[in-house]
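Here the structure is laid out as structure tokens; the discussion comes afterwards.
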Amino acid sequence: RPNASMAHPSISALWTGSLPRLNAAHLQRPRLSKALLEADCHLRLLCAPAGSGKSALLSECLQQCPSDTLCTHLNLRGQSLGCEGFVMQLATALCAPSNDLKGIRQQLKQPQQPMWLVLDDYPHLPDTTLDELLNELIQSSSPRIYWWLASRRRPALPLTRLLLEGDLFELGRTELSFNEQELNELLRLNGQSWFHQEVADLLSRSQGWCSGVRLHLLRHASSPMPYDQTDPRLLEYLRYEVLDELPDSWKEALYTLAQFPVFDQPFCEQLFGIGIGAQRLEQLKTCGLFIEPA
């Protein structure tokens with residue numbers, strides 16, 4: 001399979017969809033963008049909770065799309081589209097000959113040139129039928145189609161098989177978290193310099209979560225202060241970006257579990273009821289709601 005990622009980058013690459021803009025305060029992250037750009041695979045997957053820098057990293061990579069490659073960018077905005085809504089948006093982005101699956105399949109099986117097909121902010125809530133459709137399109141598409149997918153949740157795709165076949169490169173929460181070098185660079189861009197222990201404390205308390213770090217630095221870049229998980233702006237961000245879209249029963253479960261440092265499936269069964277507890281825990285984990293293995 002030809003490696004489109006290794007062609008000389010150029011901003012003259014052909015685009016369909018809107019070119020995502022980089023924030024003026026964007027921090028270049030070459031340790032991640034270089035790894036993504038050099039990966040020779042059918043699917044690049046960025047899977048991590050809200051505020052992990054997925055879209056920004058995608059934008060950084062897309063600025064370096066090879067000049068011989070068509071780049072189709074589609075921001076799904078995390079919305080629950082269903083298969084019909086997804087097909088309509090994808091057909092429009094691909095300029096497919098017809099607004100249906102037939103037209104999309106035709107475009108994906110016989111592309112006139114290499115293509116980066118970028119799906120940003122894949123629907124947040126589980127949709128098995130949509131995942132099955134996405135899997136079918138990925139599996140049946142030409143080797144000249146390079147899929148990029150940014151998602152809060154792990155879609156129900158055969159990721160293990162794709163990994164074994166060398167067709168998957170994945171970055172998760174751990175890789176996307178800021179490291180010490182990146183935090184120092186953020187401070188430098190703001191004209192600041194912290195002691196090593198102050199940087200280490202912020203990384204430890206925030207776990208390198210990009211949005212949490214950035215919100216903290218908006219208030220405390222000039223005078224280091226302990227990371228405050230009750231910062232009103234942080235809570236407002238989580239409410240708007242995460243909580244408001246959840247079903248009420250999921251929110252209640254998440255609020256309850258947030259009171260405990262650790263929990264497991266048997267504990268959730270006792271807490272929420274037999275059958276319901278295990279299901280609710282799995283739903284929250286699937287949606288990337290900051291639940292991590294202990």
Side-chain angles (χ1 to χ4, degrees), residues 1-23 26-49 52-75 93-94 108 111-122 134-135 137-152 154-155 157-186 189 208 210 288:
R1 180 169 63 241
N3 186 357
S5 66
M6 297 306 292
H8 295 295
S10 170
I11 59 172
S12 63
L14 298 175
W15 282 84
T16 62
S18 58
L19 173 62
R21 294 190 309 123
L22 282 174
N23 188 297
H26 173 71
L27 173 69
Q28 297 286 329
R29 307 180 76 188
R31 70 176 176 94
L32 300 177
S33 59
K34 185 172 185 290
L36 284 165
L37 291 165
E38 292 182 350
D40 181 18
C41 57
H42 205 36
L43 172 63
R44 295 166 174 85
L45 173 63
L46 282 64
C47 185
S52 297
K54 302 181 294 298
S55 295
L57 180 58
L58 274 184
S59 298
E60 182 178 328
C61 291
L62 300 189
Q63 303 291 338
Q64 304 176 63
C65 183
S67 58
D68 65 345
T69 299
L70 175 67
C71 187
T72 296
H73 176 264
L74 182 56
N75 187 352
L94 289 170
L108 296 181
Q112 296 182 353
Q113 64 190 103
M115 179 193 297
W116 285 7
L117 181 46
V118 184
L119 303 180
D120 193 7
D121 205 7
Y122 191 66
L134 176 63
N135 179 54
L137 293 175
I138 292 175
Q139 298 289 346
S140 63
S141 63
S142 164
R144 302 179 79 194
I145 304 291
Y146 297 85
W147 294 79
W148 298 65
L149 178 63
S151 177
R152 294 183 185 181
R154 287 178 68 80
L157 304 177
L159 298 175
T160 302
R161 179 166 63 80
L162 288 171
L163 181 63
L164 290 172
E165 293 174 352
D167 272 333
L168 171 67
F169 182 81
E170 180 177 358
L171 294 177
R173 184 197 66 81
T174 302
E175 293 84 9
L176 289 166
S177 297
F178 283 137
N179 61 23
E180 184 174 340
Q181 179 181 350
E182 289 164 344
L183 180 49
N184 279 317
E185 180 65 14
L186 271 178
L189 291 174
C210 297

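Because only heavy atoms are used, hydrogens play no part in the values below, and waters and symmetry mates are left out as well, while side chains stay in. None of these values were measured; they are calculated from a predicted model.
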Query - Short N-O contact, Glu182 and Arg31, less than 4.0 angstrom - result: yes

Query raised in the report: Looking at CG of Asn179 and CZ of Arg29, how far apart are the two atoms once the value is rounded to the nearest 0.5 Å?
Result: 7.5 Å

Report task. Might you confirm whether atom CD of Gln139 has over 12 heavy atoms from other residues, nucleotides or ligands at distances under 6.0 Å? Result -> yes

Query raised in the report: Going by heavy atoms in the side chains, are Leu43 and Leu162 under 4.5 Å from each other?
Result: yes

Report summary line: d(Leu94 CG, Thr72 OG1) to nearest 0.5 Å is 5.5 Å

Query - Reference residue Trp148; test ring-ring contact (aromatic ring centres under 6.0 Å, His included); the match among Tyr122, Trp116, Phe169 - result: Trp116

Query raised in the report: For the atom pair SG (Cys71) and OH (Tyr146), what is the distance rounded to the nearest 0.5 Å?
Result: 13.5 Å

Report summary line: Shortest non-hydrogen pair, Leu108 vs Pro111, comes out as O-CD, 3.7 Å

Query - Student check: side-chain heavy atoms of Gln113 and Thr69 closer than 4.5 Å - result: no

Query raised in the report: Atom NE2 of His42 and atom OG of Ser141: how far apart are they, to the nearest 0.5 Å?
Result: 3.0 Å

Query raised in the report: How far does CG of Asp167 sit from CD1 of Ile138, to the nearest 0.5 angstrom?
Result: 10.0 Å

Report task. Indicate yes or no: does Lys34 engage Glu60 in a salt bridge with an N to O separation below 4.0 Å. Result -> no

**Report entry** Separation of Leu171 CG from Leu45 CG (nearest 0.5 Å)
**Finding:** 8.5 Å

Query raised in the report: Between Ser59 (side chain) and Ser55 (backbone), is there a donor-acceptor pair under 3.5 Å?
Result: yes

